[in-house]
Amino acid sequence: MNIRYACAPDHVATMGTDELRSRFLVEDLFVDGEVNFVFSHIDRVLVGGGVPTTEPLVIPTPEELHTDSLLARRELGIINIGEEAEVSVDGETYTLPTTGCLYVGRGSGEVTLSAPGRFYLYSAPAHTAYPTTLVRPEDGNVRELGDQLTSNRRTLHQYIHENGVKSCQIVMGFTELHPGSMWNTMPAHTHDRRMEAYLYFRVPEDARVVHLMGEPSETRHLIVSNEQAILSPSWSIHSGVGTSAYAFVWAMAGENQAFDDMDHRPITELR
Ligand SMILES: O=C(O)C(=O)C[C@H](O)C(=O)CO
Ligand SMILES: [Zn+2]
């Protein structure tokens, strides 16, 4: 399994393009017929992608976890970025529409992914078991954000969160940009109490997202293509502008789950 270690802000400030990409950008999660994970030492999260084709895929247990099953001491959020498809957990089957979400609680056993889904996986350590729960897109909490005049009109869907599906650490959902809007999360923010990962999807093949990261006074950028993820330490902004509209799954883990517990970073202070 690919492992990413945590980095200090002053180290990040010295990095060139290749090192920044190798530390924070996850490029090859979605491969036909495979489940792939990256293990981040930032809050010990796993980000993964599963693309079943001819056969259903059982999510494997990476040997680095030293447990008999993936969820022995973890919880898992799954969002289907492909076509409607089934996921089964210990033999119980759930149908995930496009952008539907399944929370899988600690202690669950075998998790199987079926075609034609494309499944984004985000897992964090868990101290107790909450029920495995399906959330259809229409059942998430919707927030309308931004303005067409500032090119950041977007709809945010909260699935696993304080007032929705219960979890130990995971807070998860997705945001879709409206046509003609390109900016996400600007003004940018940080949240000292949680890391966050973004998975960009619905990025057209000939488009890219310029993702901004780093301390607000020392920003760096990563050029991101479709179905690539970014790992964002708690001290780093995480904001992007696309060359076209796109969507992204956001997922957080850490010490609190208050979505609005973020420190906004004024645009005029960014460097
Ligand atoms: O569009 C946005 O703004 C977001 O989706 C923001 C993320 O959800 C986030 O960064 C939460 O902390
Ligand atoms: Zn955030």
Side-chain angles (χ1 to χ4, degrees), residues 6 9 12 24-26 40 42-43 45 47 77 79 81 99 101 103 120 122 124 135 137 140-165 167 169-203 209-216 219-222 224 227-267 269-270:
V12 172
F24 298 104
L25 178 68
V26 182
S40 168
I42 308 172
D43 286 300
V45 302
V47 297
I79 290 187
I81 60 167
T99 66
C101 174
Y103 170 77
Y120 177 58
Y122 181 90
V135 203
N141 183 49
V142 170
R143 290 187 178 197
E144 298 295 343
L145 301 173
D147 194 316
Q148 200 66 50
L149 289 176
T150 42
S151 299
N152 66 348
R153 178 92 172 79
R154 59 204 195 279
T155 302
L156 185 146
H157 305 257
Q158 293 174 302
Y159 290 149
I160 305 171
H161 64 118
E162 266 189 325
N163 304 312
V165 172
S167 70
Q169 288 200 64
I170 295 177
V171 181
M172 189 172 188
F174 86 103
T175 297
E176 50 194 339
L177 278 285
H178 289 217
S181 277
M182 311 296 180
W183 276 101
N184 77 69
T185 331
M186 183 57 68
H189 62 258
T190 54
H191 23 73
D192 286 330
R193 289 157 290 277
R194 295 184 302 280
M195 71 81 70
E196 185 157 1
Y198 276 8
L199 172 79
Y200 286 102
F201 68 106
R202 295 183 185 157
V203 181
V209 176
V210 180
H211 179 91
L212 300 178
M213 62 162 292
E215 290 183 300
T219 63
R220 296 292 182 272
H221 71 268
L222 295 158
V224 184
E227 296 185 356
Q228 295 185 339
I230 303 275
L231 299 167
S232 182
S234 53
W235 49 265
S236 171
I237 62 163
H238 37 285
S239 171
V241 59
T243 59
S244 93
Y246 53 91
F248 61 104
V249 176
W250 43 266
M252 299 181 267
E255 117 181 27
N256 78 354
Q257 296 186 305
F259 185 88
D260 295 308
D261 178 21
M262 46 177 85
D263 298 307
H264 291 284
R265 304 298 187 158
I267 292 172
E269 287 178 16
L270 297 180

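Counting starts at 1 for both ligands and their atoms, in listed order. The model shown is predicted, which means the values in this text are computed figures rather than measured ones.
Contact check for Tyr159 versus Met172: no side-chain heavy atoms found under the 4.5 Å cut-off. No side-chain heavy atom of His157 sits less than 4.5 Å from a side-chain heavy atom of Ile79. Using a 4.5 Å cut-off on side-chain heavy atoms (C-beta onward), Leu212 and His221 make contact. With a 4.5 Å cut-off on side-chain heavy atoms, Thr175 and Asn184 do not count as touching. A 4.5 Å side-chain heavy-atom check between Phe201 and Phe174 finds at least one atom pair inside the cut-off.
Ring geometry for Tyr198 versus His238: interplanar angle over 60°, hence perpendicular rather than tilted (30 to 60°).
A distance below 6.0 Å separates the ring centres of His211 and Tyr200.
With Thr150 contributing its side chain and Asp147 its backbone, the two residues share a donor-acceptor pair below 3.5 Å. Side chain of Arg154 to backbone of Asn152: a donor-acceptor contact under 3.5 angstrom is found.
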Could you check ligand 1 for N or O atoms lying under 3.5 Å from protein N or O atoms and list the pairs with distances?
| from | atom 1 | to | atom 2 | distance (Å) |
| --- | --- | --- | --- | --- |
| ligand 1 | 1 (O) | Arg154 | NE | 2.6 |
| ligand 1 | 3 (O) | Arg154 | NE | 3.3 |
| ligand 1 | 3 (O) | Arg154 | NH2 | 2.7 |
| ligand 1 | 3 (O) | Thr185 | OG1 | 3.4 |
| ligand 1 | 5 (O) | Thr175 | OG1 | 2.7 |
| ligand 1 | 10 (O) | His189 | NE2 | 2.9 |
| ligand 1 | 10 (O) | Glu196 | OE1 | 3.0 |
| ligand 1 | 10 (O) | Glu196 | OE2 | 3.0 |
| ligand 1 | 10 (O) | Tyr198 | OH | 3.1 |
| ligand 1 | 10 (O) | His238 | NE2 | 3.1 |
| ligand 1 | 12 (O) | His189 | NE2 | 3.1 |
| ligand 1 | 12 (O) | His191 | NE2 | 3.1 |
| ligand 1 | 12 (O) | Glu196 | OE1 | 3.0 |

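Counting only distances under 2.8 Å, and ignoring water, the protein N, O or S atoms around the Zn ion (ligand 2) are His189 NE2, His191 NE2, Glu196 OE1, His238 NE2.
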